Amino acid sequence: MNLAASYTLRVTQTQAAQPRELPSTWNPADVEAELYQRWVAAGYFTADPASDKPPFSIVIPPPNVTGSLHIGHAFEHTLMDVLTRRRRMQGYDALWLPGMDHASIAVHALVEKQLRDEGIDHRELGREGFLDRVWQWKEKHGGAILSQMRRLGDSVDWSRERFTMDDGLSRAVRTIFKKLYDDGLIYRAERLVNWSPDMRSAISDIEVEHKEVEGELVSMRYGDGENSIVVATTRVETMLGDTAVAVHPDDERYRHLVGTEIELPLTGRRIPVVADTHVDPEFGTGAVKVTPAHDPNDFEIGQRHDLPMLTIMDEQGRIAHTGTEFDGMDRFEARVAVRERLREQDRIVAEKRPYLHSVGHSSRSKEPIEPRLSLQWYVRVGPLAKAAGDAVRDGRVEVHPPEMAKRYFDWVDNLHDWNISRQLWWGHRIPIWYGPNGEVVCVGPDEEPPTGDGWHQDEDVLDTWFSSGLWPFSTMGWPDDTADLRRYYPTSVLVTGYDILFFWVIRMMLMGLYAMDGEPPFRTIALHGMVRDAHGKKMSKSAGNTVDPLEWMNSYGTDALRFTLARGANPGADSPISEEWVAGSRSFCTKLFNATKFAMMNGARVPDALPARSGLTDADRWILDRLDQLVSEVDELLEDFQFAKATEALYHFTWDEFCDWYLELSKVQLDAHTERAESTREVLGYVLDVLLRLLHPTIPYLTETLWTTLTGRESVVIADWPAPSGEQADPGAAERIAAVQKLITEIRRFRSDQGLKPGQRVAARLGGIAELGLDGHVAAVRSLARVTEPADGFTSSASIEVGLTGGTVAVELDLSGAVDVEAERKRLAKDLAAAEKELSGADKKLGNPAFTGKAPAEVVDKIRVRRETALADIERINARLAALPQG
RNA sequence: GGGCGCAUAGCUCAGCGGAAGAGCACUUGCCUUACAAGCAAGGGGUCGUAGGUUCGAACCCUACUGCGCCCACCA
């Protein structure tokens, strides 16, 4: 892309029917809603599969239908929007597809609680009645986040909004379930699952959080006398379901007991002692009680030794079926009761309390999960996981930042079969029918389920992640062969947090590769970190350090929030955020607003073509060269997902270079009332045009306001992404501007040291400035450093020498007795010390033959130059010191 | 128990082999007609500790210390 192209394309935009005037101040709230509506109405965000542009696509990580916008969303959406808007400007047919997840468990729990508050047991309503309520809830309260996304400025294609419970997506679920079933990749098995007694449903491994809790470790004696053995447990109540005691096969202490049976207290049962290598003879007593139906380890031991599996709890976690006095007790109640009974029987050998250990909790209901033996449907992930690993290993899918790939492999290579059934009602019902004679039939989406006496459908629904795993293609019409699917799948990039890598990304990889004949769901996985508070702490409700992005948008504007978020986004790393920083970003927006206002007040206009460089000043050439560099830099950084660095570069250019220097220098040029003033207006317009386009993906509202006013064109949303001008850079101009900046800064420092007020004009003679080729900059130096031309009666009462490349400028000032000699002496002494330190450092290096011999020539040269400069400085400063009046 | 990451200015972070950087905070002076949500000037760091490699280390290696995260069925 070159400049010519970028300008030609823009001409196709219509002239905006609005006044070319800016409000006096930047009030985001006044324009945001209106601009967003206009963008949507104009169809800018609507992808077009028939277009001849190259496609670019992102699917949104679907937020829960229960959700509202939190800072994490705002962060993730900002990044996605920056990518999407940039691609759109680059001439891609950009699709960012929005939607929501039905969030099976979350919604089920929410509506269930609502009903409970109304005094209704959801089971009484029945499945149909309950689902009616859920849909009612969804229509009324669901999807608050969608309007908040509009507020954020997300350039999503609303015409393609999807919900995981849509008919189309449900059909995709049915289709892939059937395919997996027919391929033998779905099976039913009775295993231990993570059971939530509160939800009365299985939950998946990833919904289990392990937390350190203070429990107890109780050692108790089974059997009697010679034939007794001591076992330890943190869950005394499960002894009611013990069906063995296990010891290590090589353990001499218990060898005589292996194969015998001992008495299990309180139950009247006798259980065998078995030998199993799983047991660690070093831990505790070296003997383990085995409860196959209530502990994952014990389950495996049970399988190996063909032990009975006694389920001693009901689905709500109450002791049941034991035929003991404990039946009906809650599991925690029973823990105490059983321990007390054992103590009475003198079975307790030791107790450790508190005993810290890790217990799995439901991430949903926060209660300890209960391993429970139950019949569930599983996906056999082995072959799918292999493909998912290979796709990243062979580079078809790129993980960014690359270090994160390790984590991906850790997970994908160690996947267990995936339990996909949930004992809930809200979700995709498992399409399995059972017949009266034990038949099991999987019914595809376009097939009729079997009818007749005794046939019934499985009661359970699928894990939420089952349907979200299909998201990149189910949203595009799969299983139909649609234009969208052909064009936008695989998606270009997936933007998501590293915390969701396992939950969601891997599921999409498994399902995408499987359903789409080996085509992965995305080319690149771009992982970002978590938003944290100002001190890097994790945000949580309990810590009270959460923030509300909407509040900040109200106070500082959406752009300020987005700019702050982008500025903190280093790949894969967590980003702290605080209100102060958002306020700082608002300042940036105000600065840009004022700069544009200034330029327009001074007649800045965007030229059809850049003025010939030969007619431009050094300042013009310098800022244009810097702008070219900025364009390339920002482009490369964004291509590499380096949002923070790209944003930083834009900030620095805008504020420190464009505003602080170019605008100030341009004032001098504008005052000249020559052709120079005219070309300066064009350069101002040109730089702002490019700069606003570069900033647009990050701060869309402000840039739209400024750009349309500046250019009179329709919208920056559909403007072209800037390309470097293609002009030859002029390093000479840059060097001269650097010299001018240094000269001005030195004079300002001197003035400040002398305590001169900014408004106080003093005369100065700039000796040697012409010899350095800076004579064209005298007016600028005088204006920015606030020194006037020497008039009659000028007496030099102070002078400073400013060392510049190629020589020095002697600045003589007429301070008319205003010089503070002591301050000057102090300043010079400080400079002298610095120069001497510099000299000795350089001498040390250059005196070291190892250095001069081994270091690259340019490094040695640099040091030599540094030494020369230091020497000259010392001489100059000494002369100045000598010239100062004594006393 | 395994794995990964981080320790740089008061705070939050860049830099990752050749003179210590940014934003915010701080000090001083200014309402200088784009901007006080601002301008100008300035102070502040033996780059966690101890070794090693190198002419040269914030940067590479080793150990240690302190944080953080992820995974895991130690009764």
Side-chain angles (χ1 to χ4, degrees), chain A residues 22 25-26 192 210 217 219 231-235 238 246 278-280 282-291 295-300 357-358 360 371 403-404 406-407 410-411 414 498-499 501-502 529-530 532-538 556 560 567-568 570 572-578 580-581 583-602 644-645 648 651-652 656 659-660 663-664 667 744-745 748-753 755-761 783-786 838 841-842 845 848-856 858-860 862-863 866:
Chain A
L22 290 175
T25 53
W26 171 234
L192 274 198
H210 289 267
L217 183 69
S219 302
V231 296
T233 181
T234 53
R235 302 195 56 200
T238 62
H278 166 78
V279 179
D280 175 6
E282 303 297 318
F283 188 92
T285 57
V288 182
K289 63 189 272 303
V290 181
T291 323
D295 181 279
N297 264 322
D298 296 1
F299 177 76
E300 285 177 19
H357 65 133
S358 172
E403 308 89 82
M404 286 285 177
K406 215 177 299 168
R407 200 184 282 208
D410 282 350
W411 277 331
N414 293 302
Y498 59 70
D499 60 326
L501 193 59
F502 187 76
M530 305 294 108
R532 297 177 169 258
D533 76 4
H535 296 282
K537 294 251 155 48
K538 198 188 248 178
Y556 305 103
R567 207 173 171 194
N570 284 304
D574 291 343
S575 318
I577 194 169
S578 84
E580 284 171 20
W581 304 342
S585 296
R586 176 183 59 177
S587 300
F588 173 80
C589 290
T590 307
K591 188 78 180 172
L592 181 63
F593 177 87
N594 282 314
T596 308
K597 194 173 74 178
F598 165 81
M600 293 189 63
M601 269 168 38
N602 284 284
K645 288 188 183 121
E648 197 60 41
Y651 179 95
H652 179 253
D656 302 341
C659 289
D660 285 354
L663 283 190
E664 294 305 321
K667 289 175 184 172
I744 292 169
T745 303
R748 281 173 177 168
R749 179 184 306 158
F750 178 82
R751 292 180 53 115
S752 178
D753 289 347
L756 295 179
K757 310 280 184 218
Q760 195 176 344
R761 301 269 165 170
S783 168
L784 300 202
R786 298 180 185 284
E838 186 63 50
K845 278 206 161 180
N848 180 354
F851 170 71
T852 48
K854 291 203 181 182
E858 64 264 27
V859 174
V860 178
K862 236 161 94 182
I863 306 274
R866 222 184 289 156

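Heavy-atom basis, side chains included; hydrogens, waters and symmetry copies ignored. This is a predicted model, so every value here is computed, not measured. Below, chains carry the letters A, B, ... as their sequence lines are ordered, and counting in each starts from 1.
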Do the side-chain N or O atoms of [X] get closer than 4.0 angstrom to the phosphate oxygens (OP1, OP2) of [N]?
X        : N     : value
A:Lys667 : B:A34 : yes
A:Lys406 : B:C70 : no
A:Arg749 : B:A41 : no

Picking from [options], which would you name as closest to the side chain of [X]?
X        : options             : answer
A:Asn594 : B:C35, B:A22, B:C73 : B:C35
A:Val279 : B:G23, B:A75, B:U32 : B:A75
A:Pro296 : B:C35, B:A19, B:C73 : B:C73
A:Asn570 : B:C13, B:C69, B:A37 : B:C13
A:Trp411 : B:C35, B:C70, B:A40 : B:C70
A:Lys591 : B:C35, B:C70, B:A75 : B:C35

For nucleotides [N] and [M], find the distance between their [atom1] atoms and express it as a whole number of Å.
N     : M     : atom1 : value
B:A9  : B:G48 : P     : 8 Å
B:C70 : B:C60 : P     : 26 Å
B:A25 : B:U49 : P     : 29 Å
B:C13 : B:C6  : P     : 13 Å
B:G68 : B:U12 : C1'   : 16 Å
B:C30 : B:G45 : P     : 28 Å
B:G56 : B:A72 : C1'   : 45 Å
B:G44 : B:G21 : C1'   : 13 Å

Listed partners of A:His278 passing ring-ring contact (aromatic ring centres under 6.0 Å, His included), at least two apart: none

ring-ring contact (aromatic ring centres under 6.0 Å, His included) against A:Phe588, all qualifying residues, sequence neighbours excluded: A:Phe563, A:Tyr651

Nearest heavy-atom neighbours spanning A:Thr234 and A:Leu217: CG2-CD1, 3.9 Å

Heavy-atom pair with the smallest gap, counting every atom of A:Ala644 and A:Asn570: CB-OD1, 3.4 Å

Polar pair under 3.5 Å, donor/acceptor by atom type, side chain A:Glu664, base B:A34: yes

Base of B:A37 paired with side chain of A:Ser587 (donor-acceptor, under 3.5 Å): no

Partners passing side chain to side chain contact (heavy atoms under 4.5 Å, CB included) against A:Asp656 (at least two apart in sequence or in another chain): A:His652, A:Asp660

Side chain to side chain contact (heavy atoms under 4.5 Å, CB included) against A:Ala855, all qualifying residues, sequence neighbours excluded: A:Phe851, A:Val860

By salt bridge (charged side-chain N to carboxylate O under 4.0 Å, His left out) - contacts of A:Arg532 (at least two apart): A:Asp574

Contacts of type salt bridge (charged side-chain N to carboxylate O under 4.0 Å, His left out), residue A:Lys406, not counting sequence neighbours: none

All side chain to side chain donor-acceptor pair (under 3.5 Å) counterparts of A:Thr238, not counting sequence neighbours: A:Lys289

Contacts of type side chain to side chain donor-acceptor pair (under 3.5 Å), residue A:Lys667, not counting sequence neighbours: A:Glu664

Most 5' of A:Pro576 and A:Thr745 on RNA chain B, judged by nearest nucleotide: A:Pro576

Footprint string (nucleotides 24-29 of chain B, 5' to 3'): B base within contact, S backbone only, - free, heavy atoms under 4.0 Å: S----S

So which protein N/O to nucleotides 51-55 of chain B N/O distances come out below 3.5 Å?
| unit_1 | atom_1 | unit_2 | atom_2 | d |
| --- | --- | --- | --- | --- |
| B:C55 | OP1 | A:Lys854 | NZ | 2.1 |
| B:C55 | O2' | A:Asn848 | ND2 | 2.8 |

Let me have the donor-acceptor pairs involving side chains of residues 592-599 of chain A, under 3.5 Å, with sequence neighbours excluded, atom names and distances please.
| unit_1 | atom_1 | unit_2 | atom_2 | d |
| --- | --- | --- | --- | --- |
| A:Asn594 | ND2 | A:Thr590 | O | 3.1 |
| A:Thr596 | OG1 | A:Leu592 | O | 2.8 |
| A:Lys597 | NZ | A:Ser24 | O | 3.2 |

Watson-Crick and G-U pairing of RNA chain B, under 3.5 Å, as dot-bracket with | and [ ]: ((((((((.[[[[.)..(..]]]].(((((.......))))).....[[[[[..)....]]]]])))))))....

